[in-house]
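The structure appears right after this line, and notes come after that.
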Protein chains: 2
Amino acid sequence: MADAQETISDRIQHQLDALTRAERQLALSILEDYPASGLGPLTALAKGANVSVPTVARMVQKLGFKGYPDFQTQLRGELRDSAKSPLAKHETWAGAAPSEHILNRFTDAVIDNIRSTLAHLNPAAFDEACALVADQSRHLYIVGGRITHTLADYLFMHMQVIRPNLTHVRSTSNTWPHYLLNANEGDVFVIFDVRRYENNTLKLAQMARARGARIVLFTDQWRSPVHRLADVSLTCRIIVPSAWDSAATTMLLVETMISAVQTLNWESTKDRMQELEEMFDSTKLFRKFT
Amino acid sequence: MADAQETISDRIQHQLDALTRAERQLALSILEDYPASGLGPLTALAKGANVSVPTVARMVQKLGFKGYPDFQTQLRGELRDSAKSPLAKHETWAGAAPSEHILNRFTDAVIDNIRSTLAHLNPAAFDEACALVADQSRHLYIVGGRITHTLADYLFMHMQVIRPNLTHVRSTSNTWPHYLLNANEGDVFVIFDVRRYENNTLKLAQMARARGARIVLFTDQWRSPVHRLADVSLTCRIIVPSAWDSAATTMLLVETMISAVQTLNWESTKDRMQELEEMFDSTKLFRKFT
DNA sequence: GTGCGTCTGTGATAAATTTTTCACAATTCT
DNA sequence: AGAATTGTGAAAAATTTATCACAGACGCAC
């Protein structure tokens, strides 16, 4: 546990000169395609390096490991770390605070979430979702639950500027069935549902589906049951060191979607934004400068 | 040999729908830190996924492998290949999309925002803000504007669980002066204000100040004029390749604050959360599993 | 070339671990 | 209530690891 710093690769390279012929052969073979070769059975590694089994066993211990399994465990640990951070991991975000400060721990977690979410996201699915949301010929319903209504709200607010023909629905409200009366085939529902998944939301999705609507779902890695009804599911990782889940990554996706949809609809949007600006100016609701 | 194309990760993701609860749990665990976790002993993988050993054995065969060792061999093969292929992957967030894709461009920008925000943030100020917000002897007012009311809402919602004695104010509403009548010296206002800064918000801040209240401000890098009245200003970078600004970084700070405040108030919060859970259970508003 | 010490491979074996499989009970979903 | 899924505990099978003794190979000095 002491040496979180020095990788096995480092350690081997450092000792390379002090090694004997067979050991060097083995060492080079390990480094050859690192770390894959070291993660297989000892026998395979020996054969791959053209050395004998005892040579491998001897050298692993020489490197300071209790045995081959111990060596592998460490290798896997490195692999984990390196997968997490293509770039420098052990930087602290808020330099002025220690790395155990909640600011750094939380940010670490969120960055991890972002990385993992994007890595698993299917861009084609995302594009398809954007196209659906951008399509002004379809009425757009945006649905949020108890926690997620803020995200729904955020999306709704921006979409209001970008396109007409949309409705904000709160699944926790008991008025939502009314909205569904107006839903037609081909309309689009953007639904937010993260754990704890809400029964209302599921029912709403089922009814929307029954009316022939398309469904775009924002959910978490455990996936809301709505995903079985959805045309596109966008899955976010939401784990943070807190009693709550994080909405930051979902927010990122929502904003990205806003940006993408805006680009798709740019011709019609720019006029709408222009008008909006003018209205703000005339009402003096906002200050232009500090 | 045939399938140099389809990785195990792909294969798992593809089948994710067809899997049962425990299998999905396992699948997510494998993907969680891929491929490291799959390269260890079967027993460890099972334990890590909170799943029984036979479940792992069964699923590996379901995925089309002769056995766990076979599965591992393929994983190592992938690892070899990915190490060989120069890069291109580690540069982009959504590996499956080109780096010019909006997903990658937007994420780049947000990560930059986070980095920059945290680098400039004063942890002591942040801690002070959290202490103010956590102090139950002060009434807590949370104020959002036209765009930022979603963030304010998010904070309010969580604070409602964590502590009593708080109020949500929308500066765009014309009812906010009423709230101020009740504000006492020492009360705390958490105010969100990003460009375009809102006159209403500024006026509200001035009146709050005049009544001797403390002010915690979330703002952007150009800083709302409210910052001159604030005891603590938390400044976020919000630039993204979009016609809009990004709330993702602000969301990150808000969530971190929620976590920190919750920790400060843990003793009293845990009972409140417990009660909340019970209420949810009894109302059956939520589903426990998919 | 000889001798010496070190290094390495062989083949075998024992020990340890891991994988696979079973039947049955418990749980959860429908 | 019934069907499907999952966990338990155990045992057997298979594989992998660790060691050993010894013989051959090699480098090197004389």
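Letters A, B, ... mirror the listed sequences (proteins, then strands); counts begin at 1.
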Exercise. For the pair B/Arg11 (side chain) and B/Leu63 (backbone), establish whether a donor and an acceptor sit closer than 3.5 Å, ignoring hydrogens and angles.
Key: yes
Quiz prompt | Rounded distance in Å - CG (A/Leu202) to P (C/dC29) | solution = 14 Å
Practice problem: Would you please confirm or rule out a distance under 4.0 Å between OP1 or OP2 of C/dG9 and any side-chain N or O of A/Thr55? | Solution: yes
Quiz item: On DNA chain C, nearest-nucleotide positions of A/Lys62 versus B/Pro41: which is more 5'?
Solution: A/Lys62
Practice problem: Identify whether any heavy atom of B/Val53 sits under 4.0 Å from a base atom; if not, whether one sits that close to sugar-phosphate; answer base, sugar-phosphate or nothing. | Solution: base
Quiz item: How many Å lie between CZ on B/Arg58 and P on C/dA23, as a whole number?
Solution: 13 Å
Exercise. When you get a sec, tell me which of C/dG9, D/dA18, C/dT19 is the closest nucleotide to the side chain of A/Ala22?
Key: C/dG9
Exercise. Report the distance from atom CE of A/Met59 to atom P of C/dT6, rounded to the nearest whole Å.
Key: 21 Å
Quiz prompt | Between D/dT17 (C1') and A/Leu42 (CG): distance, integer Å | solution = 7 Å
Quiz item: What residue among A/Thr235, A/Thr148, A/Asp193 forms side-chain hydrogen bond (donor to acceptor under 3.5 Å, both in side chains) with A/Ser224?
Solution: A/Asp193
Quiz item: Would B/Glu255 and A/Ser246 satisfy side-chain hydrogen bond (donor to acceptor under 3.5 Å, both in side chains), going step by step from the backbone distance to the final call?
Solution: CA-CA 7 Å; B/Glu255 290 188 326; A/Ser246 167; 2.7 Å; yes
Practice problem: Quick one: label B/Pro54 by what it contacts on the DNA or RNA (base, sugar-phosphate, nothing), any heavy atom closer than 4.0 Å. | Solution: base
Exercise. Give one of base, sugar-phosphate or nothing for A/Gln25, where a contact means two heavy atoms less than 4.0 Å apart.
Key: nothing
Self-check item: Side-chain ion pair, A/Arg196 and A/Asp245, N-O less than 4.0 Å
Solution: no
Quiz item: Between C/dC7 atom P and A/Leu19 atom CG, what is the distance in whole Å?
Solution: 11 Å
Quiz item: Between atom NZ in B/Lys47 and atom P in D/dG9, what is the gap in whole Å?
Solution: 13 Å
Practice problem: Measure from CG on B/Asn50 to C1' on C/dT27 and round the result to the nearest Å. | Solution: 16 Å
Quiz item: Within less than 4.0 Å of OP1 or OP2 of C/dT18, is there a side-chain N or O belonging to B/Gln72?
Solution: no
Practice problem: Please answer whether the main-chain N or O of B/Met59 pairs with a side-chain N or O of B/Glu23 as donor and acceptor at a distance below 3.5 Å. | Solution: no
Quiz prompt | Short side-chain N/O contact to D/dT6 OP1/OP2 from B/Thr20, under 4.0 Å | solution = yes
Quiz item: In whole Å, what is the span from the CZ atom of A/Arg21 to the C1' atom of D/dC28?
Solution: 16 Å
